[in-house]
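Remember, predicted model here, so these are calculated numbers, not experimental data.
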Amino acid sequence: MRPKAVTLIVRMWQGPDGTVKASVKPADGGKTEHFPDLAALLHYLEQAQQAFDDNPEESRGLR
């Protein structure tokens with residue numbers, strides 16, 4: 001069985017206060033997550049990677 005790739009649509013923009021903000025949405029549909037800064041986005045991606053590591057039958061990680 002081939003590993004299933006996870007495709008995320010990541011949008012980044014500069015807010016009025018000068019900070020970089022981001023949103024992530026799964027390409028196959030689902031809820032859009034919004035992040036106030038890049039540190040929060042990184043934390044989300046690390047948690048997603050950990051979830052895939054905990055369940056290797058579903059996927060072999062983010063690509």
Side-chain angles (χ1 to χ4, degrees):
M1 182 172 144
R2 289 182 80 178
K4 179 183 173 189
V6 176
T7 305
L8 301 173
I9 299 168
V10 178
R11 294 186 173 108
M12 296 175 17
W13 65 94
Q14 188 171 11
D17 58 354
T19 61
V20 176
K21 300 180 186 299
S23 68
V24 173
K25 180 179 180 180
D28 60 352
K31 181 181 164 190
T32 300
E33 300 281 337
H34 294 275
F35 304 96
D37 54 37
L38 293 180
L41 173 62
L42 176 62
H43 181 69
Y44 168 81
L45 294 173
E46 288 171 339
Q47 285 183 330
Q49 180 66 46
Q50 185 63 42
F52 289 116
D53 289 345
D54 291 345
N55 194 356
E57 292 85 34
E58 277 189 27
S59 175
R60 297 194 64 146
L62 296 174
R63 292 184 178 200

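Residue pairs meeting the ring-ring contact (aromatic ring centres under 6.0 Å, His included) criterion with at least one member in residues 7-36, sequence neighbours excluded: Phe35-Tyr44.
Scanning both residues, Leu8 and Pro26, for their nearest heavy atoms gives CD2-CA, 4.0 Å. Nearest heavy atoms, Ala22 versus Met12: CB-CG, 3.9 Å.
Listed by chain and number, the residues in a side chain to side chain contact (heavy atoms under 4.5 Å, CB included) with Ala27 are Thr7, Ile9 (sequence neighbours excluded). Leu42 is linked by a side chain to side chain contact (heavy atoms under 4.5 Å, CB included) to Glu46, counting only residues two or more places apart in sequence or in another chain. Every residue two or more places apart in sequence or in another chain was checked for a side-chain hydrogen bond (donor to acceptor under 3.5 Å, both in side chains) with Gln14, and none qualifies.
Proximity of Leu41 to Val20: side-chain heavy atoms (C-beta onward) are nowhere separated by under 4.5 Å.
Counted within 6.0 Å of NZ on Lys25, heavy atoms from surrounding residues, nucleotides or ligands total 12 or fewer; the atom is thus considered open.
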